[in-house]
Amino acid sequence: MSDKPSSYERFPVAQRIEHLLLFLSFTTLAITGLVQKYINVDISLWLIQVFGGISAMRIIHRVSATIFLFEIIYHFVLIGYKSYVECAEMTMLPGIKDVKDGIQAFGYNFGLKKSRPKQGRYTFDEKAEYWALMWGGAVMAITGFMLWNPIVTAHLLPGVFIPAAKAAHGGESVLAVLAILVWHFYHVHSKRFNKSIFNGKLEHHEMEEDHALELEKIKAGVGKFSFPPEVIKKRRSIFFPIAAVFSLASLVGIYFFVTVETTAISTLPPAEQVQVLATSIPTPIPTATPTVVTLNMNPNKPQETDLDLTTWDGGIGVLMQQKCGMCHGASGDLSLATYADAVNGG
Amino acid sequence: MKGKHPNPFHLPWIIAGVFIALVLIGTAFLPNSTAVAGPALAQAPDNLQLSAAELSDSACLGCHGKPGLITTLPDGEKLSISIDGGLYQQTVHGNQGLPCTTCHISITGYPHPELTIDTHKEFSFEATQACQQCHAEQYAAVKDSIHMQAHEAGNVLAPACTDCHNPHTQTLLVDKNGNTLGEARVNIPLTCSKCHNEIYGQYKGSVHGSSLLLEGNIDTPTCIDCHSVHNVSAIDNAFRLRSPGICSKCHADKALMDKYGLSSKVNSTYIADFHGTTVTIFEKTAPDQQTNTPVCIDCHGVHNMTRSDAPANGLHIKSNLLKTCQKCHPDASENFPASWMSHYTASPTKAPLVFYVNLFYKIMIPLVIGVMALYVISDYIRRLIDKRKGVKES
């Protein structure tokens, strides 16, 4: 087996670009989105400031969402090209075999099966991830549209769909991010660092371990067949106009998605219509006597409100002191300082 | 000074005394004023001289105790200079036996020095020096207030201490624990209304104002509960952003809200919904920044908030809610208000769609991630075992 190639092409450049777009948009969406879901966590507030504030962060989230949508369209065009023009096998389609492979893989890990499943170009775990991404992408795009354009949504659906969309958008995001962290990171980073998405190649032993059936097919020459150039040319001449129309329609759709409504006014909500400074009436002269609450802050001092104005000690003395005492104090001939003085006269 | 001044009990002396006192006191108070309005000031005897020690309250009230004394200031404003000594005895100051000279610090004898002020306001702001002697903490707070800023910017209407607290009639406002007394709470809106009369009018008709002013219910907020007492702040972006916190001082208080059959979750549900999330983020990351996202008062009204079932603008009435949404969302249609959860938490009966979506993810996330984790862990361990046994991967 000296003629066996040491590596096999797994991802052409076009697909590697797709992954890059997906990686960038997904990561940005995840960070800028989760931060908004978990605002009570300190790191969220820190990240908001790093991104330049919540308004800037929301713009970044939406730009990333738009890039994500571009990537989805690009992906569909690419699938269309491969399936129609190249008549390539739809290797990503799930089947009963994938369920069996999954069960066998589980069984092997628990010692119930003798061997791992032999799998084709895409393993059951890769298919699971791909279709989870498809499902998640659809949920996020639809609920994202509703959140981005709640007024248009409420024209078509009951209003409660909008908070429901928010719940789904948040729930799905957690599911997606955790799936990436657990499933994707394990399979392509932890189990064995799979570099094929960067350099496009898998080593022979990697092919043997993960894609044994595909390797067998390659060795048997299946899939090597390519159509004559004129057939390709003819198919392209049909495919490209359709793809152009589809792309254009999708771009119009994205444009609609992004610009269809102005949800809210950009200014502050209309304020209270009231003059802040409006004096009641010219201050009356002399100022009206207010009602005084009886208070006694000094516990050692008896209440002075129950004046008995029939005796000198009951209040008349104090009254005399206050009203007359200035002249008729100790200094004048008539002193009103004490009852005796008053009786004495001047 | 005993016997120094003439016996005033001769009629000519009385007449002369009145005249001289009038001129004397008039010029003492009003150095730039040419005319003294109103009735005769008092019967201060001619040539009366009193030292600081002799200057008792009764001496002051000898002149100022007469009712109806009015003086005209250089700017034309009329000022009452009568003090009701009896009333003063019952005030928070008089009750503690504070003599006149505690506050009238420039008066250290008789005749007292001339006042060199042109306006009442000028006098009031000079008097703040006296207030600070005992109320330094309050004065420090006032220094940061919008009122002091207005004064410094030259607004002649800006209040000094005595514009809100007439020291000659001011009664105790707080209890031993520093809580505002019930009666004071009821009187506060009247005090503020002296300058903020239009707002007072709005407040009076609101669910809060009518409860406090008409029913005397001291649970309801008075002006200072939202605006603070002395450090009344500017109504700026920062105030707007922290205002939900002000509302929730009462509206998140379960015991208080239960008393009125109101929800105490209005703030937590607000924060959980679109608007509150944004406002909370702004408050925590950029408290000075402007956001068009609504706070409580934008939907419920500022000073004129009503019960949610009030026919005119209560938000429980769908048409009112729609109108409120349209203030910021002009294109909102009839379905739109339902996109706001109205401070409810989703349940099988309230917004069931939201409830079941949440339930779906509550089950799906642990289930899916659990299965994944189980596979990943088992796969990892299996590979370790295989490696140790030397089993070739395939």
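Numbers restart at 1 for each chain; the letters A, B, ... are given by sequence-line order, proteins then strands.
- For the pair B:Lys284 and A:Asp42, the salt-bridge criterion is not met [side-chain N within less than 4.0 Å of a carboxylate O].
- Of all heavy-atom pairs spanning B:His329 and A:Ile151, the tightest one is CB-CD1, 4.0 Å.
- When all heavy atoms of A:Ser55 and B:Phe282 are compared, the closest pair comes out as OG-CZ, 3.6 Å.
- For the pair A:Met146 and B:Ser339, the minimum side-chain heavy-atom distance is 4.5 Å or more.
- With a 6.0 Å cutoff to the six-membered ring centre and a 45° limit on the axis angle, A:Lys191 does not count as a cation-pi contact of B:Tyr380.
- Contact annotation for B:Ala346: neither backbone nor side-chain heavy atoms come within less than 4.5 Å of a heavy atom of chain A.
- The six-membered or imidazole ring of A:Phe124 lies near that of B:Tyr375, with a centre-to-centre distance under 6.0 Å.
- The shortest side-chain heavy-atom distance between A:Glu261 and B:Asp331 does not fall under the 4.5 Å cut-off.
- A donor-acceptor pair is defined here as one N or O able to donate and one able to accept, closer than 3.5 Å; such a pair exists between the side chain of B:Glu198 and the backbone of A:Gln275.
- Looking at A:Val274 and B:Tyr200, their side chains never come closer than 4.5 Å, going by heavy atoms from C-beta outward.
- Only the side chain of B:Val368 comes within less than 4.5 Å of a heavy atom of chain A; its backbone N, CA, C and O stay farther away.
- Between A:Thr267 and B:Asn292, the closest side-chain pair of non-hydrogen atoms is not below 4.5 Å.
- At least one donor-acceptor pair under 3.5 Å links the side chain of A:Gln49 to the backbone N or O of B:Thr285.
- Contact of B:Tyr356 with chain A is not made at all, since no heavy-atom distance falls under 4.5 Å.
- With hydrogens and angles disregarded, a donor-acceptor distance shorter than 3.5 Å links the side chain of B:Asn335 to the backbone of A:Leu157.
- Here the side chains of B:Leu374 and A:Phe110 are in contact, with some heavy-atom distance below 4.5 Å.
- Annotation: side chain of B:Ile281 is in contact with side chain of A:Ile48 (closest heavy-atom distance under 4.5 Å).
- Of the atoms belonging to B:Met341, it is side-chain heavy atoms, and not backbone ones, that fall under 4.5 Å from chain A.
- Put simply, the side chain of B:Pro330 reaches to within 4.5 Å of the side chain of A:Ile265, judged on heavy atoms.
- Here the side chain of A:Glu272 pairs a donor or acceptor atom with the backbone of B:His303 at under 3.5 angstrom.
- Looking at B:Asp298, only its side chain comes within 4.5 Å of chain A, counting heavy atoms on both sides.
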